[in-house]
Each structure stands twice: as structure tokens, then as C-alpha cells.
Amino acid sequence: MSENRDRLIERAGIGLLAIGGLLVLVAVVFGVLIAIGVGDESADPQQPGPAAGEPGGPTLRALAGPRRLLVGAAVPVEALKGDASYARTLAREYNALTPENAMKWDTIHPERNRYDFAPADSIVRFARAHDMAVRGHTLVWYRQVPSWVTDRSWTRPELEQVLHDHIRRVVGHYRGKIAQWDVVNEAFDSEGKLRDSIWMRVIGPEYIDLAFRWAHEADPDAKLFYNDYDLEFPGAKARAVMAFVRDLQRRGVPIDGVGIQAHELTVRPPSRKELQSALRGYAGLGLDVGITELDVGIYLPTSAAKLDEQAAVYSDVLDACLAVSRCGSFVTWGFTDKYSWIPSELPGFGDALPFDANYAPKPAFTALRRGLARGHP
Ligand code: G3I
């Protein structure tokens, strides 16, 4: 990794130098323009400058749009409801979002005969009001399964019916509003074995085939993804998932893509090579591929050096995605350190996202913007 990161920092250094030189030039030109009074006329009063704390300059979505890249973030419903700075930053910078928890079983289907679409509906409404694509997350997972499912025994046909009803109802409810669905999430453990879950115990591995087929029936236009973590690190799990996805294709299961979550840590980031070969591997199967849950946890306390390391990892992951034409989505698992799962689930780590808790852009944000601007089409 160090060789890549050094090259990245060196490139960042050159980039900085270049930018530094450019800035001096711009400042001189600007100075001259102001001196001769041109600046004033060209300022469009309709286009107010960046609000306090806002980064100014091109937004991530403005740079991602012409690349036809979905640049998005996971959204907790409570942040969208109660935090104006959150909503403004989200709509300004991102052209896509993923409901962080609102579409999971425990929230959307809390009782056998009761669905609660309100939290997810509010997120989807926000997305549509701001011309943002939605990644649906997730139709089948071993976590956040409500007790009405887990705390009783089922026959196979009974649980298949439960799963079929859920997928038909949820996908049907959002038909035409979801660009990509994480149909099945994290079905493999780190040894590369199909993970134990109520779906696996009662239905067997076919629950995966069935879930994709039912999701496709309910919304033939939504792109259907298998989503998992650690696929960017070579090993038993990455091999098993690759083989399994090939099998799904051989069985004619309607899978369109694979989501690489990319939950990273500055202390052990993937190499650019590892990232690209993982992305290229699935693209090589004729599938779309996406970065679906990127964050880069820092071993606290944070320092300027660690923030630069973090920015280098964000840049690596973005560049790897941009280098693979079928990598069409680049989603971070949140965007501000104010709302992140990391501190509660990974004690000692934190500050994992591109904006700090006050919505100030971090070096990681600048790295993403520089990455999207580089070689801008
Ligand atoms: O909704 C309850 C609330 O009623 C209760 O008061 C509160 C206090 O316990 O808990 C709330 O539920 C929490 C839920 O997030 C909603 O905030 C759960 O305890 C908490 O465990 C859950 O954490 C989520 C986690 O998935 C659960 O597995 C994280 O927010 C979410 O970021 C995380 O996301 C996963 C992806 O879906 C899949 N990949 C890994 C990623 C990180 O674990």
C-alpha cells in the first residue's frame, strides 16, 4: 500500500503545487480584473456565494453528473427530519442516496400484517424533490429482522410466502422510484461460507435466487444488486462471492450488479490494485459494480496527518471506481461525522466521513472533488 499512497500523496503534492501555482495566477488575474472594475459586473446577484461553512466551488454532484456517476450518501431519517444544515448539504452535494435503516425489515415491516412506509417515504420524497436517485437497502439480510420473524418456527413454504409477500409489497410500493436495490446483503461470512440466518436455516440457499426473481417481477426496471463487505480484499470470502455470483448468472437469476460496501480503516486500507481488481472482476462478468457504503474510520484521536491518510484512501477508492466504466455508483455511508455508525460499533474509531460534525469539508471531501474534477469530461 505505502507505494501507492506515497504516489498518491506525491500526486496530491504535485496537484497542490499545481493548484497553488494556479491560485497565484488566478489571484493576479482577479486582482487586475477588480482593479479595472470588471469583476463587479460579472457577479450574478442571483447566484449568492457559498453560505458560511459551505465549501464553494463545484459540488460533487455537478462533477459527477457529466460522468453519469451516482455520487451518494446513506441517510438516517432522523437527520433529514430535524437538521436543516444536513438536508441542505445532502441536496447540494449528492445526486443519490440510500436510506440507512428505513427500508430494513425491522422498520418497514415491524409486524406480520403491518408495514410502515412513512420513514422511507419521507426519504424517497426528499430524493425526488432534489432530483436524486435512490438505492434501496435491503430486501433480505440476517440483521435487523423483526422478532415476529425470528421468534417462531416456520415451515419452508410458510417462510417463502412471508419473504415473497415482503419483497412484492416493498418493491411494488417503490416501483419506478428505486434505481438500484440491494436485494441480498452480506449472505457470506468471512470464511466464504453462506452465512447462518433464518432464511438459510428454513429456506436454504435458494432464498437468494428467489429474492432476485421476486424483486425482478415486482419492478423489472430496477437494477438488482448483491451487496457485501470485504470483497475488495483477496481471500476466501471474495473468491466465494465471485463464484456464487457466476453461479447465479449461470442459473439465469436476474442479478444486474454487485455492491462493494468498502467500510475501510486508515490503519489497513485496501490497495488501489486490490480495489481495481475487485471492481474489474465483477465488471468482467458483464455486471454493474458499485461502491455502496464507503467510510474510512480513523483511529482516534484525529490528526492532520490522519486526515490526509483518510483523504488518500477516499481518493484511491474513487479513482478505482472511475477507472472501471461499469462502476456507476459511489456511495458513502453517511457524509457528516455527526451521523455515523462507526463510533457506536467500532469503539476507538471515528471521524470516518468527508464532512466533519459541523458540515465543514475535510481533506477527504477535497480529495473526492479533485478526483471527480480530474480529467473532467
Ligand atoms: O430504531 C431503534 C430505536 O427505536 C432505539 O431507540 C435505538 C436505541 O437502541 O435503536 C434504534 O435502532 C438502531 C438502528 O440502527 C436505527 O438507528 C439499532 O440499535 C442499531 O443497531 C442500527 O444500526 C445500524 C446497523 O446497520 C444495524 O445493523 C446502523 O445505523 C447502520 O449504519 C448499519 O448499516 C449497515 C448496513 O446496513 C449494511 N452494511 C454494514 C453497515 C454498518 O453496520
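For the single chain, residues carry numbers from 1 onward in sequence order. Here the structure is a predicted model, which means the values were calculated and not measured.
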Check your understanding: Got a donor-acceptor contact below 3.5 angstrom from the Asn358 side chain to the Ala360 backbone?
Key -> no
Point to revise | Test of ring centre spacing under 6.0 Å for His263 and Tyr229 | key: no
Practice item. Identify the two heavy atoms, one from Leu322 and one from Gly371, that lie closest to each other, and give their separation to 0.1 Å. Key: CD1-O, 3.5 Å
Practice item. Ignoring hydrogens and angles, tell me if any N or O in the side chain of Arg135 forms a donor-acceptor pair with the backbone of Asp182 under 3.5 Å. Key: no
**Study point:** Donor-acceptor contact present, side-chain Arg92 to main-chain Thr59, <3.5 Å
**Key:** no
Check your understanding: Taking the side chain as C-beta and beyond, is there a heavy-atom pair between Val317 and Val296 under 4.5 Å?
Key -> no
Review point. Would you say Val331 and Leu139 are hydrophobically clustered, going by side-chain heavy atoms of ILVMFWY under 4.5 Å?
Key: no
Review point. Got a donor-acceptor contact below 3.5 angstrom from the Lys362 side chain to the Ala311 backbone?
Key: no
Check your understanding: How are the rings of Trp154 and Trp148 set to each other: parallel, tilted or perpendicular (split at 30° and 60°)?
Key -> perpendicular
Point to revise | Whether over 12 other heavy atoms sit under 6.0 Å from Arg68 CZ | key: no
Check your understanding: How many angstroms lie between CD in Glu217 and CZ in Arg168, if you round to the nearest 0.5 Å?
Key -> 8.5 Å
Exercise for review: I would like to know whether Glu274 and Arg268 meet salt bridge (Lys or Arg N to Asp or Glu O under 4.0 Å); could you show each step before the answer?
Suggested key: CA-CA 12 Å; Glu274 286 168 336; Arg268 174 58 185 101; 3.8 Å; yes
Exercise for review: Return yes when atom CG of Asp196 has more than 12 non-hydrogen atoms of other residues, nucleotides or ligands closer than 6.0 Å, and no otherwise.
Suggested key: yes
Exercise for review: Could you walk me through whether Leu353 and Phe335 pass the side chain to side chain contact (heavy atoms under 4.5 Å, CB included) test, one step at a time?
Suggested key: CA-CA 5 Å; Leu353 293 162; Phe335 66 88; 5.5 Å; no
Exercise for review: Taking all heavy atoms of Tyr314 and all of Ala364, pick out the closest pair and write down the distance.
Suggested key: CD1-CB, 3.5 Å
Review point. Is any side-chain heavy atom of His164 less than 4.5 Å from a side-chain heavy atom of Leu210?
Key: no
Revision key, fill the gap. Residues Pro354 and Leu368: closest non-hydrogen pair is CG-CD1, 4.0 Å
Exercise for review: Verify side chain to side chain contact (heavy atoms under 4.5 Å, CB included) between Val75 and Glu100, making sure each step is shown before the conclusion.
Suggested key: CA-CA 5 Å; Val75 171; Glu100 184 174 3; 5.8 Å; no
Practice item. Examine distances only and state if a side-chain atom of Asn95 and a backbone atom of Val71 form a donor-acceptor pair shorter than 3.5 Å. Key: yes
Exercise for review: Taking atom types as modelled, find out whether Asp295 and Trp341 have a side-chain donor-acceptor pair closer than 3.5 angstrom.
Suggested key: yes
**Study point:** Arg156 side chain to Ile203 backbone, donor-acceptor under 3.5 Å
**Key:** yes
Review point. Does the pair Trp214 and Leu163 meet the rule for a side chain to side chain contact (heavy atoms under 4.5 Å, CB included), with working shown?
Key: CA-CA 9 Å; Trp214 292 332; Leu163 182 58; 3.9 Å; yes
Exercise for review: I would like to know whether Tyr226 and Val183 meet side chain to side chain contact (heavy atoms under 4.5 Å, CB included); could you show each step before the answer?
Suggested key: CA-CA 6 Å; Tyr226 174 76; Val183 177; over 6 Å; no
Study note, to complete from the structure: Residue pairs passing the disulfide bond (SG atoms under 2.5 Å apart) test with at least one member in residues 313-353, sequence neighbours excluded, are Cys321-Cys327
Review point. Got a donor-acceptor contact below 3.5 angstrom from the Asp189 side chain to the Arg195 backbone?
Key: no
**Study point:** Passing option when His137 is tested against Trp105, Trp333, Tyr174 for ring pair (Phe, Tyr, Trp, His ring centres under 6.0 Å)
**Key:** Trp333
Exercise for review: Using side-chain hydrogen bond (donor to acceptor under 3.5 Å, both in side chains) as the criterion, point out the one residue from Arg272, Lys273, Arg280 that pairs with Gln276.
Suggested key: Arg280
Point to revise | Closest heavy-atom pair and its distance - Pro76, Tyr86 | key: CD-OH, 3.2 Å
Check your understanding: Looking only at heavy atoms, which two atoms of Pro270 and Glu264 are closest? And how far apart?
Key -> CD-OE1, 3.3 Å
Check your understanding: Linking I/L/V/M/F/W/Y whenever any side-chain heavy atoms sit under 4.5 Å apart, do Trp141 and Ile198 land together?
Key -> no
Practice item. Provide the closest heavy-atom pair for Ile123 versus Ala102 in the form atom of the first, atom of the second, distance. Key: CD1-CB, 4.0 Å
Review point. Is Glu160 paired with Arg213 through a side-chain N to carboxylate O contact shorter than 4.0 Å?
Key: no
**Study point:** Within-4.5 Å side-chain heavy-atom neighbours: Asn227 and Thr138
**Key:** no
Practice item. Scan for ring-ring contact (aromatic ring centres under 6.0 Å, His included) pairs involving residues 267-309, sequence neighbours excluded, and state none if there are none. Key: Tyr299-Phe349
Check your understanding: Is a side-chain N or O of His109 found less than 3.5 angstrom from the main chain of Arg112, in a donor-acceptor match?
Key -> yes
**Study point:** Approximate separation, where rounding is to 0.5 Å, of Ile291 CD1 and Leu279 CG
**Key:** 4.5 Å
Review point. Heavy atoms, side chains only, cut-off 4.5 Å: are Val134 and Lys177 in contact?
Key: no
Exercise for review: Validate the cation-pi geometry between Arg88 and Tyr359: distance from NZ or CZ to the six-membered ring centre under 6.0 Å, angle to the ring axis within 45°.
Suggested key: no
Review point. Would you find a donor on one side and an acceptor on the other, under 3.5 Å apart, between the side chain of Arg326 and the backbone of Val289?
Key: no
Practice item. With rounding to the nearest 0.5 Å, note down the distance linking OG1 in Thr332 to CZ in Phe365. Key: 11.0 Å
Review point. Do Asp288 and Gln180 have a side chain donor and acceptor closer than 3.5 Å?
Key: no
Point to revise | Option among Asp83, Asp356, Asp351 that satisfies the salt bridge (Lys or Arg N to Asp or Glu O under 4.0 Å) test with Lys338 | key: Asp83
Exercise for review: Measure the shortest side-chain to side-chain distance between Tyr207 and Leu159 over non-hydrogen atoms and say whether it is less than 4.5 angstrom.
Suggested key: no
Exercise for review: Mark yes or no for whether Gln249, through its side chain, and Leu285, through its backbone, hold a donor-acceptor pair below 3.5 Å.
Suggested key: yes
